[in-house]
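In listed order, ligands and their atoms are each counted from 1. Side chains are part of it too, since the values below use all heavy atoms of this structure and drop only hydrogens, waters and symmetry mates.
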Amino acid sequence: MIMNLKQYVRNIPDFPVKGIQFKDVTTLFKEAKILQELSDMLYDKYRNCGITKVAGIESRGFIMGPLLAVRLGAGFIPIRKPGKLPAAVYEESYSKEYGTDAVQIHKDAISEGETVLLHDDLLATGGTMAASIRLLAKFNPRQIYVNCLIELEELNGRATFAPDVKVDTIIKY
Ligand code: AMP
């Protein structure tokens with residue numbers, strides 16, 4: 001077990017705009033032993049939860065998401081920015097610092113009563129994740145689990161989620 005995963009996260013000051021400390025996960029993923037460690041940690045957390053679908057948020061949720069889905073024997077569902085998914089979609093919008101944004105999911109992505117794990121690389125204000133949770137709730141799942149590799153705790157993003165959602169993150173700042 002490699003305890004200090006933080007040393008593998010690259011911090012980029014003032015990216016993409018001044019004042020943001022960007023947490024770059026590519027430096028985690030490029031190390032074979034760290035990629036394996038993350039995969040094992042996620043698998044151990046969720047192996048007994050009865051997950052039938054892993055939903056990943058565009059685009060950094062598309063890296064560990066499918067990898068974890070394969071290990072759990074679950075399907076993978078992409079949650080994408082507007083205009084990318086080709087078939088009929090549900091959409092939820094959320095506010096950002098300037099203006100609004102939205103996420104979409106295919107209407108036939110999930111069946112009622114499934115257990116879904118929603119994954120992204122990083123939880124900041126929680127806007128993207130909360131909108132994605134609202135998308136998943138439309139399918140009336142048995143349980144929604146949320147996982148992010150990194151959580152910026154002072155922003156308290158998880159406070160914006162529905163109370164029955166089970167949230168877990170690995171590296172906390
Ligand atoms: P939020 O909706 O504020 O929780 O933002 C989460 C989304 O924005 C995730 O998809 C992250 O990849 C990205 N993000 C937000 N803040 C950062 C940050 N400081 N470093 C890296 N990615 C970030």
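More than 12 heavy atoms of other residues, nucleotides or ligands shown are found within 6.0 angstrom of NZ on K138. Within 6.0 Å of NZ on K84 lie no more than 12 heavy atoms contributed by other residues, nucleotides or ligands.
On a distance-only criterion, K23 and ligand 1 share at least one N/O pair closer than 3.5 Å. For ligand 1, one of its N or O atoms has an N or O atom of G126 under 3.5 Å away.
A salt bridge between E153 and R158 is absent, with no side-chain N of the basic residue lying under 4.0 Å from a carboxylate O of the acidic one.
When the options Q104, E58, E91 are evaluated for a side chain to side chain contact (heavy atoms under 4.5 Å, CB included) with L85, the one that passes is Q104.
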Acceptor/donor pairs from residues 110-119 side chains to any protein atom, 3.5 angstrom cut, sequence neighbours excluded:
residue, atom, partner, partner atom, Å
E112, OE2, N140, ND2, 3.4
E114, OE1, T52, OG1, 2.8
E114, OE1, K53, NZ, 3.4
E114, OE2, K53, NZ, 2.8
E114, OE2, S111, N, 2.8
T115, OG1, R142, NE, 3.1
T115, OG1, R142, NH2, 3.1
H119, ND1, N147, O, 3.4
H119, ND1, N147, OD1, 3.1

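In the model, T27 has no side-chain atom that pairs as donor or acceptor with a side-chain atom of K30 under 3.5 Å.
Only side-chain heavy atoms of D121 come within less than 4.0 Å of ligand 1; its backbone N, CA, C and O stay farther off. At a heavy-atom distance under 4.0 Å, only side-chain atoms of D120, from C-beta outward, approach ligand 1. Using a 4.0 Å cut-off between heavy atoms, K96 makes no contact with ligand 1 at all.
For ligand 1 and T128, the ligand atoms under 4.0 Å from any heavy atom of the residue are 1 (P), 2 (O), 5 (O), 6 (C), 7 (C). Each of the atoms 1 (P), 3 (O), 4 (O), 5 (O), 15 (C), 16 (N) of ligand 1 lies under 4.0 Å from some heavy atom of A124.
Among protein heavy atoms, the minimum distance from atom 3 (O) of ligand 1 is reached at T125 OG1, 2.5 Å. Nearest protein neighbour of atom 17 (C) of ligand 1, counting heavy atoms only, is L122 CD2, 3.5 Å. Scanning the protein heavy atoms around atom 22 (N) of ligand 1, the nearest turns out to be F22 CE1, 3.5 Å.
With sequence neighbours left out, the salt bridge (charged side-chain N to carboxylate O under 4.0 Å, His left out) criterion links D44 to R47.
Which of R158, Q21, R60 comes nearest to atom 13 (C) of ligand 1 through a heavy atom is settled by distance: it is R60.
Between K107 and V89 the shortest side-chain heavy-atom distance does not fall below 4.5 Å.
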